[in-house]
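Inspection log for the structure reproduced underneath, given as structure tokens.
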Protein chains: 2
Amino acid sequence: MEDRGISQAVIRRLPRYYRYLGELLEGGVERISSNDLSKRMNVTASQIRQDLNNFGGFGQQGYGYNVKYLYTEIGKILGLEEDHNIIIIGAGNLGQALANYAAFEKRGFILKGIFDVNPRLAGVTIRGVPIRMMDELRSFVANNEVDIAALTIPKDKAEEVADMLVENGVRAIWNFAHIDLNLPDNVIVENVHLSESLMQLSYNISRYNEEHQK
Amino acid sequence: MEDRGISQAVIRRLPRYYRYLGELLEGGVERISSNDLSKRMNVTASQIRQDLNNFGGFGQQGYGYNVKYLYTEIGKILGLEEDHNIIIIGAGNLGQALANYAAFEKRGFILKGIFDVNPRLAGVTIRGVPIRMMDELRSFVANNEVDIAALTIPKDKAEEVADMLVENGVRAIWNFAHIDLNLPDNVIVENVHLSESLMQLSYNISRYNEEHQK
DNA sequence: TAGATTGTTAATCGATTAACAATC
DNA sequence: TAGATTGTTAATCGATTAACAATC
């Protein structure tokens, strides 16, 4: 999945802008300049203006940005106006954590199904959604509109399951398995590799200790 | 926490090299050239060689890289040779998911404590580690060697807890709360913002749909 | 030795920052 | 109007890729 013109570096920053604007909105702040926002967020004002102007001119000279308006517009850009049907494959702790993450629904991510191999979980319900057995997955996906599949299963099953999902129409995968999925170009994959994040942390600890001759 | 000279862009790629080399090792592959590795990993051979040469010359002209040796060296760079004592604050699904993630121990991340506010979890044990109540946290941290604290608590408590941890000697935080922690420069923070990851996925879906006039 | 492949320098590309004219 | 702040162009900085001499 390659991209039109806007770099993923910019995209990765949008949710953070969105979060800060949401907080400002809650705090009753009506408008904000790129300069004030830049101080809060620890980025340059220039970067904020450059990033936003990839999508249009949301501000007004001499005034700044209307918080509510900008918040809404970034939400639109991020696709949070539309609903997304999501299923979770793997009802282990991580899968359940995602399933219970209530804030999802607020943003239009609607939990449609949870799947696992463990028969003891059959019929257990999370936020009103029953855990189904894996052998139902194929027909479920084929017969329901599924926008996003979150994969919280062991890495040795991930590729196989992902292929099957894609075969049956799923076009976006949120991948928590420790593997790089090999999928057609028209499938969008977002990886969350927790162990890699932890290793990056570990690296930075080592570097710090070295510098300070622990 | 700023960095010596090696960019975080490079650091972020190291765990991925490490993963691929681990797989090659398991597969019994003895040596590999930057070119072959680049094809497997979908990066340029040039980038691999540049990245590695930030840390030293691990290869040999005409031969390539010894898989076992390179794997070990990257492990050292990432600090996986030393043990890291880790505690988890917040024993919800996400906290439990991390606690149960057995592969951590293999990499030298040793679970020393789990904390939660919920009295119903008091004394419950995960992988031999009892869940303790939050009011014990301060003295636990003060009296035990804690290298990393994983924060899997709601965002409104995160800042306060993080401050307390740092006050009591914790120098590295793996932050899952949806907030940017404001901590001294000598504290290392690694953020995992799942909602931002999901929004990035959502953005890419929207973009794809637009391009194909859904 | 000839062939292969690294380590490293140089060239290119992209992203960030600075500057400022436009304009509210 | 004067002041403030954007949108946008230009300058800088950093990261990636290409090229190739060194060398195993």
Side-chain angles (χ1 to χ4, degrees), chain A residues 1-17 20-21 24 29-74 77 200 203 207, chain B residues 1-17 20-21 24 29-74 77 200 203 207:
Chain A
M1 249 303 294
E2 274 326 299
D3 229 59
R4 222 179 18 180
I6 298 161
S7 82
Q8 291 293 315
V10 174
I11 308 313
R12 253 192 305 278
R13 288 192 290 265
L14 290 181
R16 190 154 174 269
Y17 295 140
Y20 273 84
L21 289 163
L24 288 168
V29 177
E30 205 170 86
R31 65 170 164 130
I32 192 150
S33 69
S34 56
N35 201 253
D36 287 352
L37 188 56
S38 79
K39 278 178 201 140
R40 282 171 185 268
M41 295 189 62
N42 252 302
V43 297
T44 64
S46 207
Q47 181 165 75
I48 293 174
R49 296 203 299 278
Q50 283 279 21
D51 282 354
L52 297 178
N53 280 95
N54 280 300
F55 304 97
F58 302 122
Q60 195 168 59
Q61 282 98 330
Y63 173 91
Y65 299 88
N66 179 286
V67 172
K68 174 113 201 247
Y69 174 67
L70 187 55
Y71 177 79
T72 310
E73 287 304 308
I74 295 180
I77 293 165
Q200 200 182 339
Y203 171 88
R207 220 42 67 246
Chain B
M1 251 301 295
E2 273 325 299
D3 231 57
R4 224 178 17 181
I6 297 161
S7 81
Q8 292 291 317
V10 174
I11 308 312
R12 253 191 305 278
R13 287 192 289 266
L14 290 182
R16 191 155 174 267
Y17 294 141
Y20 273 84
L21 289 163
L24 287 168
V29 177
E30 204 169 85
R31 64 169 164 130
I32 191 149
S33 69
S34 56
N35 200 253
D36 286 353
L37 188 56
S38 80
K39 277 177 202 143
R40 281 171 187 268
M41 295 188 63
N42 252 303
V43 296
T44 64
S46 207
Q47 181 164 75
I48 293 175
R49 295 202 301 277
Q50 285 278 22
D51 282 354
L52 296 179
N53 279 95
N54 280 299
F55 303 97
F58 302 123
Q60 195 169 58
Q61 283 97 330
Y63 174 89
Y65 299 87
N66 177 286
V67 172
K68 176 114 199 246
Y69 174 67
L70 186 56
Y71 178 78
T72 309
E73 288 304 310
I74 295 180
I77 294 164
Q200 201 182 338
Y203 171 87
R207 220 43 66 248

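The phosphate of C/dC24 (OP1 or OP2) has no side-chain N or O of A/Q60 nearer than 4.0 angstrom. Phosphate contact (OP1/OP2 of C/dT16, side-chain N/O of A/S46, threshold under 4.0 Å): absent. Residue A/R49 places at least one side-chain N or O closer than 4.0 Å to OP1 or OP2 of D/dT6. OP1 or OP2 of C/dA22 has not a single side-chain nitrogen or oxygen of A/Q61 nearer than 4.0 Å. Of the side-chain N and O atoms in B/R13, none sit less than 4.0 angstrom from OP1 or OP2 of D/dA15. The phosphate of D/dT5 (OP1 or OP2) has no side-chain N or O of A/S34 nearer than 4.0 angstrom. For D/dC24, neither phosphate oxygen OP1 nor OP2 lies less than 4.0 angstrom from any side-chain nitrogen or oxygen of B/Y65.
In this structure, B/I74 and B/L52 have side chains that are in contact, with non-hydrogen atoms separated by less than 4.5 Å. The closest side-chain heavy-atom distance from A/Y20 to A/I32 is not below 4.5 Å.
Annotation: the span from B/R207 atom CZ to A/I6 atom CD1 amounts to 7.0 Å, rounded to 0.5 Å.
A straight line from CG of B/N54 to P of C/dT8 spans 11 Å, rounded to a whole angstrom. Atom-to-atom, CZ of A/R12 to P of C/dA15 comes out at 10 Å; the value is rounded to the nearest Å. C/dA15 atom P lies 11 Å from atom CD1 of A/I6, rounded to whole Å. Rounded to whole Å, atom P of D/dA15 lies 16 Å from atom CG of B/N53. Between A/Q47 atom CD and D/dA11 atom P there is a gap of 20 Å when expressed in whole angstrom units. Counting to the nearest Å, the C1' atom of D/dT5 and the CG atom of A/N66 are 15 Å from each other. If you measure from atom CE of B/M41 to atom P of D/dT17, you get 13 Å, rounded to the nearest angstrom. Separating the CD atom of A/E73 from the P atom of D/dG7 is a distance of 12 Å, rounded to the nearest angstrom.
C/dT17: Watson-Crick or G-U partner is D/dA10, with both key distances under 3.5 Å. Across all strands shown, C/dC24 pairs with D/dG3; the Watson-Crick or G-U wobble distances both stay below 3.5 Å.
Scanning atom types as modelled, one donor and one acceptor separated by under 3.5 angstrom connect the side chain of B/Q50 and the base of C/dT9.
Within 4.0 Å (heavy atoms only), A/R31 reaches no atom of the nucleic acid at all.
Between B/S38 and B/A45 the shortest heavy-atom distance is CB-N, 3.4 Å. Scanning all heavy atoms of the two residues, the minimum distance from B/D51 to B/V10 falls at OD1-CG2, 3.7 Å.
Where B/G59 and A/Y63 meet DNA chain C, the nucleotide closest to each residue was compared, and B/G59 sits on the side nearer the 5' end.
Here the side chain of A/A9 is nearest to one of D/dT5, C/dT17, C/dT16, namely C/dT16.
The cationic group of A/R13 does not satisfy the cation-pi geometry with A/Y17, failing either the under 6.0 Å distance to the six-membered ring centre or the 45° limit from the ring axis.
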